Student: 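The structure that follows is given in the form of structure tokens.
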Amino acid sequence: MSNKKVFTDKELAELSAAEINNKIIYENYSLLKTLGGEKLRKEMVPVGAACKTAVNYFLNTTGPKNNPEKHARAARRKLVKTLSKLTPGDYKGFPEDSERGLVIGFNHPSLGEIARILMMKIDVMGEKPMLFPVNLPWYEALATDFDKIKQLGIIITPTITPATWKKLDLKEGTKLYENANAIKRGFRDMYIMRSDEAVKNGGVIFVAPSATRQEKVFKTPEVYNGDEEIIPTMSVLALRLYRDPMMNCDFLPMGVLPPKDYKRGLNFRKKYRLIPGEVMTAEYIREKYFGDKTPERLEGFDREFHQRIADTLPKEFWY
């Protein structure tokens, strides 16, 4: 299915983000190709193919296939067993299954931690639904297997990160730019809606606040020192979730300590450490950042969350 279809100008202007998403999943469309990002799309094709092969392997070699729930559970168990050998990780101290929703934010030095995070979640947190916001090049590489990935307990949702938006280099003021920007906002709204649904059902959301692979918790010393702003990834999510007075969801900072001499890829057979930080409970967040009102911004939230990630790691990973 390499010959991807492109969206017409009319489709870009009239279709909702959800409809765009469905065409990417089920009808072989590529938003990246439409927006001039074919190179970005092709770069992820090999990784996507490997992931799809793995997904099909775990689903096709387990059973009973006449019982979807038991089949999915067996496939997830086999996935954990395999990942523990290929992509080993140490993840002691993480909270087990509970009725409360959980947002886990982590530093993102490589692709390797994604496999270890997946293993930790299934092994420790059981059948909780899991939501991963996925940057568009990654998403398009995986989207045609969306339903199979969901069988393994993973719900992916598309995002267009600032880094990818910059690489697309769309000309501001053009119709293509306007349509693409509207879809980018639509994807963000889909992510927020799915996040709300996930945590209300006691699910787990995994977020890399950097929105891109980045070795340090704070991008630069200037960001750490407060001379430059932090991308408000965590505070925007918290602001939207806690507008619901009944929301009961904690935020957990997590440090990712990669192995020595790690690369940006998966780092097979090298052990990572996933280190839970000091949790920010729903009660703490409401009391400190909301009080008796609903603010427009959560001043200081992102800095505190990043610092709690940093506190789990050696200082060489801070900035």
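Values in this document were obtained by computation on a predicted structure and should not be read as measured data.
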Student: Between D261 and K270, does any side-chain N to carboxylate O distance fall below 4.0 Å?
Tutor: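 So D261 does not pair with K270 through a salt bridge.
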Student: Under the side chain to side chain contact (heavy atoms under 4.5 Å, CB included) criterion, do R243 and T294 qualify, and how do the steps go?
Tutor: CA-CA 7 Å; R243 280 181 178 166; T294 302; 4.0 Å; yes
Student: Does R303 CZ have over 12 foreign heavy atoms under 6.0 Å away?
Tutor: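 It does: R303 CZ has more than 12 such atoms within range.
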Student: Step by step, would you call R188 with R185 a side chain to side chain contact (heavy atoms under 4.5 Å, CB included)?
Tutor: CA-CA 5 Å; R188 181 195 62 204; R185 291 195 303 269; 4.0 Å; yes
Student: About how many Å separate OG of S195 and CE of M247, when rounded to the nearest 0.5 Å?
Tutor: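 So the CE of M247 and the OG of S195 are separated by 9.0 Å.
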Student: Provide the full list of ring pair (Phe, Tyr, Trp, His ring centres under 6.0 Å) pairs with a residue in residues 135-155, sequence neighbours left out, each pair given once.
Tutor: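 Qualifying pairs, neighbours excluded: none.
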Student: Report the C-alpha separation of T157 and R194 in whole Å, then their side-chain angles, then the decisive distance to 0.1 Å, and conclude whether the side-chain hydrogen bond (donor to acceptor under 3.5 Å, both in side chains) test is met.
Tutor: CA-CA 8 Å; T157 187; R194 289 177 173 179; 3.3 Å; yes
Student: Looking at E316, I want to see if its CD is surrounded by more than 12 non-hydrogen atoms of other residues, nucleotides or ligands under 6.0 Å.
Tutor: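 Count over threshold, so yes.
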Student: Pair T62, H71 - check side chain to side chain contact (heavy atoms under 4.5 Å, CB included), show working.
Tutor: CA-CA 6 Å; T62 53; H71 179 207; 3.4 Å; yes
Student: Does V199 reach the side chain of I205, with side-chain heavy atoms less than 4.5 Å apart?
Tutor: yes
Student: Looking at D90 and K92, does any basic side-chain N land under 4.0 Å from a carboxylate oxygen?
Tutor: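 Answer for the salt bridge query: yes.
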Student: For Y289 versus E299, what's the shortest heavy-atom pair and its separation?
Tutor: CE2-O, 3.2 Å
Student: Show the nearest heavy-atom pair for residues Y242 and A282, with the distance to one decimal.
Tutor: OH-CA, 3.4 Å
Student: Which residue pairs pass the side-chain hydrogen bond (donor to acceptor under 3.5 Å, both in side chains) test with at least one member in residues 206-217, sequence neighbours excluded?
Tutor: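 Checked against side-chain hydrogen bond (donor to acceptor under 3.5 Å, both in side chains) - neighbours excluded - the pairs reaching residues 206-217 are E215-Y262.
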Student: More than 12 foreign heavy atoms under 6.0 Å from CD of E283: is that the case here?
Tutor: yes
Student: Check the orientation of F206 and F132. Use parallel for under 30°, tilted for 30 to 60°, and perpendicular for over 60°.
Tutor: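 If you compare the ring of F206 with that of F132, the planes turn out parallel.
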Student: Quick check on K52: does its NZ atom have over 12 non-hydrogen neighbours (other residues, nucleotides or ligands) under 6.0 Å away?
Tutor: yes
Student: Just by distance, do the side chain of N267 and the backbone of K263 share a donor-acceptor pair under 3.5 Å?
Tutor: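 Side chain of N267 to backbone of K263, a donor-acceptor pair under 3.5 Å: yes, one is there.
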Student: Among K23, K5, K4, exactly one meets side-chain hydrogen bond (donor to acceptor under 3.5 Å, both in side chains) together with N28. Which residue is that?
Tutor: K4
Student: Indicate yes or no for a side-chain donor-acceptor contact from E27 to the backbone of I24 under 3.5 Å, with no hydrogens or angles considered.
Tutor: no
Student: Could you measure the distance from the CZ atom of F218 to the CG atom of N225? Nearest 0.5 Å is fine.
Tutor: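 That separation rounds to 9.5 Å.
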Student: Tell me if the CZ atom of R100 is crowded by more than 12 foreign heavy atoms within 6.0 Å.
Tutor: yes
Student: Please evaluate residues F251 and F301 with respect to the criterion ring pair (Phe, Tyr, Trp, His ring centres under 6.0 Å), reporting the C-alpha separation (whole Å), side-chain torsions for both, the decisive distance (0.1 Å), and the verdict.
Tutor: CA-CA 11 Å; F251 274 57; F301 186 95; 5.6 Å; yes
Student: Answer yes or no: are there more than 12 heavy-atom neighbours, outside K167 itself, under 6.0 Å from its atom NZ?
Tutor: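 12 or below, so no.
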Student: So, for L35 and A180, which heavy atoms are closest and what is the spacing to 0.1 Å?
Tutor: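 Here L35 and A180 meet closest at CD2-CB, 3.8 Å.
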Student: Rounded to the nearest 0.5 Å, how far does CG of L15 lie from CD1 of I20?
Tutor: 4.5 Å
Student: Can you see which heavy atom on G255 is nearest to which on T312, and at what distance?
Tutor: CA-OG1, 3.1 Å
Student: Measuring from atom CD1 of I154 to atom CD1 of I122, what distance do you get when rounded to the nearest 0.5 angstrom?
Tutor: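 I154 atom CD1 to I122 atom CD1 measures 5.5 Å (nearest 0.5 Å).
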Student: Once you measure the plane-to-plane angle for Y224 and Y319, does it fall in the parallel (<30°), tilted (30-60°) or perpendicular (>60°) bin?
Tutor: parallel
Student: Indicate the atoms forming the closest heavy-atom contact of P253 with V279, along with that distance.
Tutor: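 Answer, listing the atom of P253 first, then V279: CD-CA, 4.2 Å.
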Student: Judged by modelled atom types alone, do T159 and N135 share a side-chain donor-acceptor pair under 3.5 Å?
Tutor: no
Student: Enumerate the residue pairs fulfilling salt bridge (charged side-chain N to carboxylate O under 4.0 Å, His left out) with a member in residues 131-151, sequence neighbours excluded, ordered by first and then second residue.
Tutor: none
Student: Assess, by modelled atom type and distance only, whether the side chains of S235 and D302 contain a donor and an acceptor separated by less than 3.5 Å.
Tutor: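 Note: S235 and D302 side chains meet the donor-acceptor criterion.
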Student: What do the steps show when you test T8 against E11 for side chain to side chain contact (heavy atoms under 4.5 Å, CB included), and what is the final call?
Tutor: CA-CA 5 Å; T8 65; E11 287 172 328; 3.2 Å; yes
Student: Does R308 make a cation-pi contact with Y284 (under 6.0 Å, within 45 degrees of the axis)?
Tutor: yes
Student: Quiz question: by atom type and distance under 3.5 Å, do the side chains of T87 and R116 form a donor-acceptor pair?
Tutor: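 No, R116 and T87 have no side-chain donor paired with an acceptor closer than 3.5 Å.
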Student: Are any of the side-chain heavy atoms of D250 and M280 separated by less than 4.5 Å?
Tutor: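 Answer no - side chains too far apart.
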Student: Let me confirm one number: the CG-CG distance from D196 to D244, rounded to the nearest 0.5 Å.
Tutor: 6.0 Å
Student: Taking all non-hydrogen atoms of both residues into account, name the closest pair between N107 and V256 and its distance.
Tutor: OD1-N, 2.6 Å
Student: Is it true that a side-chain atom of S110 and a backbone atom of R264 form a donor plus acceptor pair closer than 3.5 Å?
Tutor: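 Such a contact is absent between S110 side chain and R264 backbone.
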Student: Return the OG1 to CG distance between T61 and N56, rounded to the nearest 0.5 Å.
Tutor: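 Here the rounded value is 10.0 Å.
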